[in-house]
Amino acid sequence: KATQVVQNGNKVYLTKMSVKELEEKNVQVDFYDPDADSGYQRQASSGRARKFGNYVQEGGTTSPLPILVNIREHRIKFKNGTIEIPHSAIWRVVDGQHRCQGLIELAADNPDYLKFEMPVIIVNLPNMAEEAVLFATINKTQKSVSSDLVDRHIRMVARQEGWNVGMLTERYERGIIIFRDADITIRALDIVDMLNSDEKSPWFGKISKPGQRGG
């Protein structure tokens with residue numbers, strides 16, 4: 001079952017799949033081959049995949065971002081809210097290879113995660129060139145959140161929830177990497193804000209906060 005979205009005449013399908021269903025598909029990634037000068041993605045990092053698996057298992061958190069795949073050789077049929085894709089189709093991962101690999105490796109160690117579901121977006125681009133353009137557009141145009149803004153979010157959440165150093169460290173060890181050295185970050189922010197707000201400080205009013213300029 002899926003939902004069809006039409007953008008400028010191009011059809012995109014939104015659905016969900018369990019790790020078991022992903023395993024059953026012929027999932028491939030077009031890695032760049034320097035000898036043949038073909039492909040468009042870097043080789044997968046086993047460390048990144050493992051970190052994502054740990055994040056899902058230990059963090060007890062959600063992963064709402066979808067895995068993006070392309071069905072290149074077959075036309076997808078859509079009727080009455082259902083998509084039809086031949087069993088022989090290759091499911092080429094355009095975005096989300098580490099999430100996909102991390103979940104499959106996690107399920108190999110803990111079969112309970114075979115039931116774990118991920119949102120999946122399926123496109124029907126005809127060739128590798130168009131896949132590569134989509135991949136590059138996603139990865140070159142998205143802007144990450146500034147680290148100074150993330151640091152302030154961490155401090156705000158930690159104070160609202162009453163998390164101490166041990167609790168912050170525990171969350172990092174459970175795979176939530178944004179909490180690495182969070183206790184040091186929070187103390188550093190407190191010092192920076194004190195220097196910026198104390199009229200006797202040589203830094204008074206000279207340190208820019210996120211979204212401000214000129215400091």
Side-chain angles (χ1 to χ4, degrees), residues 7 14 16 29 32 40-68 93-103 105-106 109-110 113 116-121 132-215:
Q7 300 175 329
L14 315 179
K16 66 175 183 177
V29 179
Y32 177 70
Y40 60 92
Q41 294 201 43
R42 291 182 180 180
Q43 290 291 327
S45 164
S46 57
R48 282 185 62 188
R50 185 170 59 254
K51 282 182 179 179
F52 180 75
N54 291 340
Y55 168 79
V56 170
Q57 182 177 34
E58 303 298 334
T61 51
T62 59
S63 179
L65 294 180
I67 294 171
L68 173 60
V93 179
V94 179
D95 188 63
Q97 61 161 307
H98 291 100
R99 278 169 277 156
C100 194
Q101 180 178 326
L103 287 170
E105 291 178 359
L106 173 60
D109 295 330
N110 187 341
Y113 281 92
F116 191 88
E117 293 181 334
M118 285 291 289
V120 177
I121 295 178
V133 169
L134 183 57
F135 171 81
T137 302
I138 291 171
N139 287 279
K140 292 192 72 172
T141 60
Q142 65 181 355
K143 182 174 175 60
S144 61
V145 177
S146 174
S147 60
D148 59 350
L149 185 56
V150 173
D151 291 342
R152 289 182 179 273
H153 288 164
I154 291 172
R155 182 176 66 174
M156 176 185 67
V157 172
R159 286 181 173 168
Q160 286 180 348
E161 299 297 325
W163 293 343
N164 57 31
V165 173
M167 293 174 179
L168 291 167
T169 302
E170 177 190 6
R171 280 163 175 78
Y172 170 67
E173 291 174 346
R174 279 164 43 191
I176 307 177
I177 60 174
I178 64 169
F179 288 111
R180 179 178 182 178
D181 297 327
D183 57 318
I184 298 173
T185 297
I186 290 171
R187 289 205 302 269
L189 271 178
D190 288 343
I191 293 170
V192 167
D193 285 350
M194 180 184 68
L195 291 170
N196 200 32
S197 60
D198 186 346
E199 294 182 357
K200 298 179 180 180
S201 164
W203 291 96
F204 175 65
K206 295 180 178 179
I207 303 174
S208 295
K209 291 183 178 181
Q212 294 179 334
R213 292 184 178 181

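In this structure, the side chain of Asn196 engages the main chain of Gly205 through a donor-acceptor pair within 3.5 Å.
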Practice problem: Check the pair Leu103 / Tyr113 against side chain to side chain contact (heavy atoms under 4.5 Å, CB included), numbers first and verdict last. | Solution: CA-CA 8 Å; Leu103 287 170; Tyr113 281 92; 5.5 Å; no
Quiz item: After noting the C-alpha distance and the side-chain angles of Lys209 and Asp193, does the key distance pass the side chain to side chain contact (heavy atoms under 4.5 Å, CB included) rule?
Solution: CA-CA 9 Å; Lys209 291 183 178 181; Asp193 285 350; 4.2 Å; yes
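For the residue pair Glu105 and Ala49, the shortest heavy atom distance occurs at OE1-CB, 4.4 Å. Of all heavy-atom pairs between Gln101 and Ala44, the closest is OE1-CB, 3.4 Å. In plain terms, the two heavy atoms of Ala158 and Ile186 that are nearest each other are CB-CD1, 3.9 Å. In terms of heavy atoms, Pro64 sits closest to Pro119 at O-CG, 3.2 Å. Across Pro210 and Arg152, no two heavy atoms sit closer than the pair CD-NE, 3.4 Å. Of all heavy-atom pairs spanning Met167 and Gly162, the tightest one is SD-O, 3.8 Å.
With values rounded to the nearest 0.5 angstrom, Ile184 atom CD1 is found 11.0 Å from Leu168 atom CG. Atom-to-atom distance recorded for Met156:CE and Glu161:CD is 10.0 Å, nearest 0.5 angstrom. Atom CD of Gln97 and atom CZ of Arg42 lie 11.0 Å apart (nearest 0.5 Å). Residue His153 holds its NE2 atom at 9.5 Å from CG of Asp148, rounded to the nearest 0.5 Å. Taking CG from Leu65 and CE from Met118, the interatomic distance works out to 7.5 Å, rounded to the nearest 0.5 Å. Annotation: the span from Phe116 atom CZ to Asn110 atom CG amounts to 11.5 Å, rounded to 0.5 Å.
When side chains are defined from C-beta on, Arg155 counts as touching Asp190, because their heavy atoms get closer than 4.5 Å. Using a 4.5 Å cut-off on side-chain heavy atoms (C-beta onward), Val192 and Ile207 make contact.
Just one of Val93, Val120, Ile138 meets the side chain to side chain contact (heavy atoms under 4.5 Å, CB included) condition when paired with Leu68; it is Ile138. The one candidate from Trp163, Tyr172, Tyr55 that meets the ring pair (Phe, Tyr, Trp, His ring centres under 6.0 Å) condition with Phe179 is Trp163.
Between Asp109 and Arg50 there is no salt bridge, since no side-chain nitrogen of the basic residue lies less than 4.0 Å from a carboxylate oxygen of the acidic one.
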